[in-house]
There are 2 protein chains.
Amino acid sequence: MSTALNPQATLAAPMDSERFAAICRALSHPARVRIVDHLRTMQQCICGQIVEVLPLAQSTVSQHLKILKASGLVKGTIEGPRTCYCLDGGVLAQFKDMVKRL
Amino acid sequence: MSTALNPQATLAAPMDSERFAAICRALSHPARVRIVDHLRTMQQCICGQIVEVLPLAQSTVSQHLKILKASGLVKGTIEGPRTCYCLDGGVLAQFKDMVKRL
DNA sequence: ATCGTTTATCGTCGATCAACGATTTGATCT
DNA sequence: AGATCAAATCGTTGATCGACGATAAACGAT
(Lines give C-alpha, C1' and ligand atoms only; values in the text may rest on other atoms or scores of the structure.)
Protein backbone atom coordinates (compact mmCIF):
# COMPACT_ATOMS: atom_id res chain seq x y z
CA MET A 1 0.00 0.00 0.00
CA SER A 2 1.58 3.24 -1.09
CA THR A 3 0.53 5.50 1.69
CA ALA A 4 1.84 8.47 -0.20
CA LEU A 5 -0.37 7.94 -3.19
CA ASN A 6 -3.62 7.99 -1.40
CA PRO A 7 -3.62 10.93 0.99
CA GLN A 8 -7.36 10.71 1.14
CA ALA A 9 -7.37 7.39 2.89
CA THR A 10 -4.11 7.39 4.75
CA LEU A 11 -2.55 10.05 6.88
CA ALA A 12 -5.96 11.04 7.90
CA ALA A 13 -5.49 9.17 11.13
CA PRO A 14 -8.71 7.33 11.83
CA MET A 15 -10.17 10.40 13.45
CA ASP A 16 -9.89 10.15 17.17
CA SER A 17 -13.52 10.09 18.11
CA GLU A 18 -12.71 10.76 21.75
CA ARG A 19 -10.83 13.93 21.05
CA PHE A 20 -13.26 15.14 18.46
CA ALA A 21 -16.19 14.51 20.75
CA ALA A 22 -14.42 16.34 23.54
CA ILE A 23 -14.05 19.46 21.44
CA CYS A 24 -17.64 19.22 20.26
CA ARG A 25 -18.67 18.87 23.85
CA ALA A 26 -16.93 22.13 24.65
CA LEU A 27 -18.90 23.75 21.84
CA SER A 28 -22.16 22.09 22.78
CA HIS A 29 -23.47 25.04 24.74
CA PRO A 30 -24.71 28.25 23.13
CA ALA A 31 -22.94 30.40 25.69
CA ARG A 32 -19.63 28.78 24.89
CA VAL A 33 -20.18 29.17 21.19
CA ARG A 34 -20.84 32.83 21.73
CA ILE A 35 -17.71 33.12 23.80
CA VAL A 36 -15.64 31.54 21.06
CA ASP A 37 -17.29 33.80 18.53
CA HIS A 38 -16.58 36.82 20.64
CA LEU A 39 -13.00 35.75 21.08
CA ARG A 40 -12.68 35.35 17.35
CA THR A 41 -13.86 38.85 16.56
CA MET A 42 -12.15 40.49 19.49
CA GLN A 43 -8.87 38.70 19.00
CA GLN A 44 -8.57 38.53 22.77
CA CYS A 45 -10.35 39.74 25.84
CA ILE A 46 -10.82 39.33 29.56
CA CYS A 47 -13.53 37.57 31.45
CA GLY A 48 -15.27 40.76 32.47
CA GLN A 49 -15.87 41.81 28.89
CA ILE A 50 -17.57 38.54 28.18
CA VAL A 51 -19.73 38.88 31.25
CA GLU A 52 -20.91 42.22 29.90
CA VAL A 53 -22.00 40.60 26.68
CA LEU A 54 -23.71 37.50 27.99
CA PRO A 55 -26.75 37.32 30.27
CA LEU A 56 -24.90 35.17 32.77
CA ALA A 57 -23.30 35.60 36.14
CA GLN A 58 -19.56 36.09 36.39
CA SER A 59 -19.07 32.75 38.04
CA THR A 60 -20.96 31.01 35.26
CA VAL A 61 -18.91 32.66 32.56
CA SER A 62 -15.77 31.71 34.41
CA GLN A 63 -16.95 28.11 34.44
CA HIS A 64 -17.58 28.16 30.71
CA LEU A 65 -14.15 29.62 30.14
CA LYS A 66 -12.66 26.87 32.23
CA ILE A 67 -14.38 24.26 30.09
CA LEU A 68 -13.21 25.90 26.89
CA LYS A 69 -9.70 26.08 28.26
CA ALA A 70 -9.79 22.43 29.23
CA SER A 71 -10.73 21.52 25.69
CA GLY A 72 -7.73 23.37 24.38
CA LEU A 73 -9.75 25.64 22.14
CA VAL A 74 -9.05 28.61 24.34
CA LYS A 75 -5.99 29.60 26.25
CA GLY A 76 -5.68 32.18 28.95
CA THR A 77 -2.65 34.07 30.11
CA ILE A 78 -2.55 35.84 33.40
CA GLU A 79 -1.90 39.53 33.11
CA GLY A 80 -1.69 41.12 36.43
CA PRO A 81 -5.01 40.97 38.20
CA ARG A 82 -6.85 39.74 35.13
CA THR A 83 -6.67 36.89 32.67
CA CYS A 84 -6.47 37.47 28.97
CA TYR A 85 -8.25 34.87 26.88
CA CYS A 86 -7.82 34.05 23.23
CA LEU A 87 -8.42 31.21 20.84
CA ASP A 88 -5.75 28.61 20.27
CA GLY A 89 -5.37 28.74 16.54
CA GLY A 90 -3.67 25.36 16.38
CA VAL A 91 -6.37 23.45 18.15
CA LEU A 92 -9.02 25.29 16.21
CA ALA A 93 -7.30 24.31 12.99
CA GLN A 94 -7.16 20.70 14.13
CA PHE A 95 -10.84 20.79 14.81
CA LYS A 96 -11.65 22.30 11.45
CA ASP A 97 -9.58 19.62 9.85
CA MET A 98 -11.44 16.87 11.60
CA VAL A 99 -14.75 18.38 10.61
CA LYS A 100 -13.65 18.55 7.00
CA ARG A 101 -13.18 14.81 7.09
CA LEU A 102 -16.67 14.13 8.29
CA MET B 1 -24.36 41.49 -1.73
CA SER B 2 -21.06 40.41 -3.07
CA THR B 3 -20.84 37.38 -0.90
CA ALA B 4 -18.48 35.96 -3.45
CA LEU B 5 -16.03 38.76 -3.19
CA ASN B 6 -15.47 38.72 0.50
CA PRO B 7 -16.22 35.32 1.91
CA GLN B 8 -14.09 36.15 4.89
CA ALA B 9 -16.21 38.90 6.29
CA THR B 10 -19.61 37.79 5.11
CA LEU B 11 -22.10 39.05 7.54
CA ALA B 12 -23.41 35.66 6.60
CA ALA B 13 -25.91 35.38 9.34
CA PRO B 14 -24.33 35.91 12.72
CA MET B 15 -23.92 32.21 13.20
CA ASP B 16 -26.83 30.85 15.11
CA SER B 17 -25.10 29.76 18.27
CA GLU B 18 -28.12 27.75 19.35
CA ARG B 19 -28.23 25.65 16.26
CA PHE B 20 -24.51 25.23 16.06
CA ALA B 21 -24.34 24.20 19.69
CA ALA B 22 -27.15 21.74 19.12
CA ILE B 23 -25.25 19.97 16.37
CA CYS B 24 -22.07 19.98 18.41
CA ARG B 25 -24.04 18.52 21.24
CA ALA B 26 -25.10 15.65 18.99
CA LEU B 27 -21.45 15.07 18.21
CA SER B 28 -20.30 15.46 21.78
CA HIS B 29 -20.23 11.75 22.50
CA PRO B 30 -17.60 9.37 21.11
CA ALA B 31 -20.18 6.74 20.30
CA ARG B 32 -22.15 9.16 18.18
CA VAL B 33 -19.03 10.33 16.41
CA ARG B 34 -18.24 6.74 15.60
CA ILE B 35 -21.75 6.21 14.34
CA VAL B 36 -21.46 9.21 12.05
CA ASP B 37 -18.09 8.01 10.89
CA HIS B 38 -19.48 4.57 10.21
CA LEU B 39 -22.38 6.05 8.33
CA ARG B 40 -19.99 8.08 6.27
CA THR B 41 -17.92 5.11 5.16
CA MET B 42 -20.85 2.75 4.79
CA GLN B 43 -23.01 5.23 2.99
CA GLN B 44 -25.97 3.81 4.86
CA CYS B 45 -26.77 1.04 7.27
CA ILE B 46 -29.21 -0.31 9.79
CA CYS B 47 -29.12 -0.14 13.54
CA GLY B 48 -28.05 -3.74 13.94
CA GLN B 49 -24.87 -3.23 11.99
CA ILE B 50 -23.89 -0.40 14.25
CA VAL B 51 -24.59 -2.47 17.31
CA GLU B 52 -22.16 -5.05 15.97
CA VAL B 53 -19.44 -2.46 15.71
CA LEU B 54 -19.87 -0.66 19.02
CA PRO B 55 -19.51 -2.10 22.52
CA LEU B 56 -22.97 -0.91 23.48
CA ALA B 57 -26.37 -2.44 24.01
CA GLN B 58 -28.93 -2.21 21.24
CA SER B 59 -31.12 0.12 23.22
CA THR B 60 -28.22 2.45 23.82
CA VAL B 61 -27.32 2.59 20.16
CA SER B 62 -30.94 3.26 19.32
CA GLN B 63 -30.91 6.15 21.75
CA HIS B 64 -27.80 7.60 20.16
CA LEU B 65 -29.38 7.28 16.74
CA LYS B 66 -32.43 9.09 18.00
CA ILE B 67 -30.28 11.95 19.21
CA LEU B 68 -28.42 12.14 15.92
CA LYS B 69 -31.71 12.10 14.05
CA ALA B 70 -33.08 14.87 16.26
CA SER B 71 -30.08 17.02 15.41
CA GLY B 72 -30.77 16.56 11.72
CA LEU B 73 -27.35 15.13 10.97
CA VAL B 74 -28.80 11.71 10.36
CA LYS B 75 -32.01 10.64 8.77
CA GLY B 76 -33.65 7.27 8.90
CA THR B 77 -36.12 5.73 6.54
CA ILE B 78 -38.20 2.76 7.53
CA GLU B 79 -37.72 -0.26 5.34
CA GLY B 80 -39.96 -3.02 6.40
CA PRO B 81 -39.00 -4.26 9.81
CA ARG B 82 -35.81 -2.25 9.87
CA THR B 83 -34.73 1.34 9.59
CA CYS B 84 -32.06 2.47 7.18
CA TYR B 85 -29.89 5.28 8.45
CA CYS B 86 -27.73 7.66 6.52
CA LEU B 87 -26.17 11.07 6.89
CA ASP B 88 -28.06 14.14 5.79
CA GLY B 89 -25.61 15.73 3.42
CA GLY B 90 -27.31 19.09 3.60
CA VAL B 91 -27.17 19.46 7.34
CA LEU B 92 -23.65 18.15 7.39
CA ALA B 93 -22.67 20.75 4.82
CA GLN B 94 -24.32 23.45 6.90
CA PHE B 95 -22.34 22.33 9.88
CA LYS B 96 -19.08 22.31 7.98
CA ASP B 97 -19.85 25.77 6.78
CA MET B 98 -20.45 27.03 10.27
CA VAL B 99 -17.20 25.50 11.45
CA LYS B 100 -15.31 27.13 8.63
CA ARG B 101 -16.46 30.47 9.96
CA LEU B 102 -15.13 29.83 13.43
C1' DA C 1 -52.48 -16.50 13.28
C1' DT C 2 -48.08 -17.19 15.11
C1' DC C 3 -43.22 -16.86 15.03
C1' DG C 4 -38.76 -14.60 14.45
C1' DT C 5 -36.34 -10.47 13.50
C1' DT C 6 -35.40 -5.65 14.04
C1' DT C 7 -35.99 -1.38 16.20
C1' DA C 8 -38.13 1.81 19.47
C1' DT C 9 -39.65 2.95 24.00
C1' DC C 10 -39.97 2.62 29.14
C1' DG C 11 -38.19 2.83 33.68
C1' DT C 12 -34.34 3.10 36.58
C1' DC C 13 -29.94 4.70 38.53
C1' DG C 14 -25.71 6.98 39.08
C1' DA C 15 -23.05 10.65 37.03
C1' DT C 16 -22.49 14.98 35.08
C1' DC C 17 -24.20 19.68 33.77
C1' DA C 18 -25.73 24.54 34.22
C1' DA C 19 -26.59 28.18 37.00
C1' DC C 20 -26.19 30.99 40.92
C1' DG C 21 -24.56 33.48 45.23
C1' DA C 22 -20.95 33.60 48.39
C1' DT C 23 -16.30 33.31 49.27
C1' DT C 24 -11.38 33.06 48.26
C1' DT C 25 -7.35 34.05 45.73
C1' DG C 26 -4.06 37.20 43.36
C1' DA C 27 -2.34 41.35 41.94
C1' DT C 28 -2.18 46.31 41.76
C1' DC C 29 -2.37 50.85 43.92
C1' DT C 30 -2.51 54.03 47.89
C1' DA D 1 -0.51 47.07 55.61
C1' DG D 2 -4.99 47.94 53.75
C1' DA D 3 -8.20 48.78 50.03
C1' DT D 4 -9.70 47.46 45.62
C1' DC D 5 -10.66 45.04 41.56
C1' DA D 6 -10.78 40.82 38.55
C1' DA D 7 -11.10 36.04 38.35
C1' DA D 8 -11.43 31.47 40.22
C1' DT D 9 -13.38 28.24 43.31
C1' DC D 10 -16.88 26.33 46.56
C1' DG D 11 -21.29 24.51 47.63
C1' DT D 12 -25.86 23.82 46.41
C1' DT D 13 -29.85 22.85 43.48
C1' DG D 14 -32.58 21.09 39.75
C1' DA D 15 -32.12 19.21 35.16
C1' DT D 16 -30.24 16.28 31.78
C1' DC D 17 -27.21 12.42 30.24
C1' DG D 18 -25.62 7.67 29.46
C1' DA D 19 -26.22 3.07 30.07
C1' DC D 20 -28.79 -0.96 30.68
C1' DG D 21 -32.46 -4.67 30.80
C1' DA D 22 -37.06 -5.43 29.89
C1' DT D 23 -40.79 -4.76 27.12
C1' DA D 24 -43.46 -3.22 23.25
C1' DA D 25 -44.25 -2.33 18.40
C1' DA D 26 -43.80 -3.20 13.41
C1' DC D 27 -43.13 -6.11 9.83
C1' DG D 28 -42.05 -10.31 6.90
C1' DA D 29 -42.24 -15.20 6.62
C1' DT D 30 -44.11 -19.72 7.67
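Throughout, a chain's letter reflects where its sequence line sits, starting with A, and its residues are numbered from 1. Everything numeric here is computed off the predicted structure, so don't read it as measured data.
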**Request:** Would you indicate what A/Ile46 reaches in the nucleic acid, counting non-hydrogen atoms under 4.0 angstrom: base, sugar-phosphate, or nothing?
**Result:**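 Sugar-phosphate only.
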
**Request:** Tell me what A/Thr83 touches on the nucleic acid: a base, only sugar-phosphate, or nothing, going by heavy atoms under 4.0 Å.
**Result:**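 Since only primed, P, OP1 and OP2 atoms lie under 4.0 Å of A/Thr83, the category is sugar-phosphate.
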
Set of side-chain hydrogen bond (donor to acceptor under 3.5 Å, both in side chains) partners for [X], sequence neighbours left out:
X       : result
A/Gln63 : none
A/Arg34 : none
B/Arg82 : none

**Message:** For D/dA8 and A/Tyr85 - does any side-chain N or O of the residue sit under 4.0 Å from the phosphate oxygens OP1/OP2?
**Reply:**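 For D/dA8, OP1/OP2 do have a side-chain N/O of A/Tyr85 under 4.0 Å.
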
Of all residues at least two apart in sequence or in a different chain, which pass the side-chain contact (heavy atoms from CB on, under 4.5 Å) check with [X]?
X        : value
B/Lys100 : B/Asp97
A/Ser59  : A/Ala57
B/Lys96  : A/Val99, A/Leu102, B/Leu92
A/Ala93  : none

**Message:** Counting C-beta onward and ignoring hydrogens, is there a side-chain heavy-atom pair between A/Leu65 and A/Arg32 closer than 4.5 Å?
**Reply:**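 A side-chain contact is absent here, since even the closest heavy-atom pair is not under 4.5 Å.
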
**Prompt:** Which two nucleotides bound the region of DNA chain C that has atoms under 4.0 Å from heavy atoms of chain B, read 5' to 3'?
**Reply:**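 First-to-last contact on DNA chain C, by the 4.0 Å heavy-atom rule, is C/dT6 to C/dT9.
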
**Prompt:** In B/S/- notation, 5' to 3', how is nucleotides 25-30 of chain D contacted by protein heavy atoms closer than 4.0 Å?
**Reply:** --SS--

**Complete:** Protein heavy-atom contacts under 4.0 Å, written 5' to 3' over nucleotides 14-21 of chain D as B (base), S (sugar-phosphate only) or - (none), form the string ---SSSBB

**Item:** Residues which pass ring pair (Phe, Tyr, Trp, His ring centres under 6.0 Å) with B/Tyr85, listed by chain and number, not counting sequence neighbours
**Value:**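 Per chain and number, B/Tyr85 pairs via ring pair (Phe, Tyr, Trp, His ring centres under 6.0 Å) with no residue.
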
**Request:** Provide, to the nearest angstrom, the distance between the CD atom belonging to A/Gln58 and the C1' atom belonging to D/dA8.
**Result:**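 Rounded to whole Å, this separation is 7 Å.
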
**Message:** Filter on ring-ring contact (aromatic ring centres under 6.0 Å, His included), then keep only pairs touching residues 33-63 of chain A, sequence neighbours left out; what's left?
**Reply:**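 ring-ring contact (aromatic ring centres under 6.0 Å, His included) check on residues 33-63 of chain A returns no pairs.
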
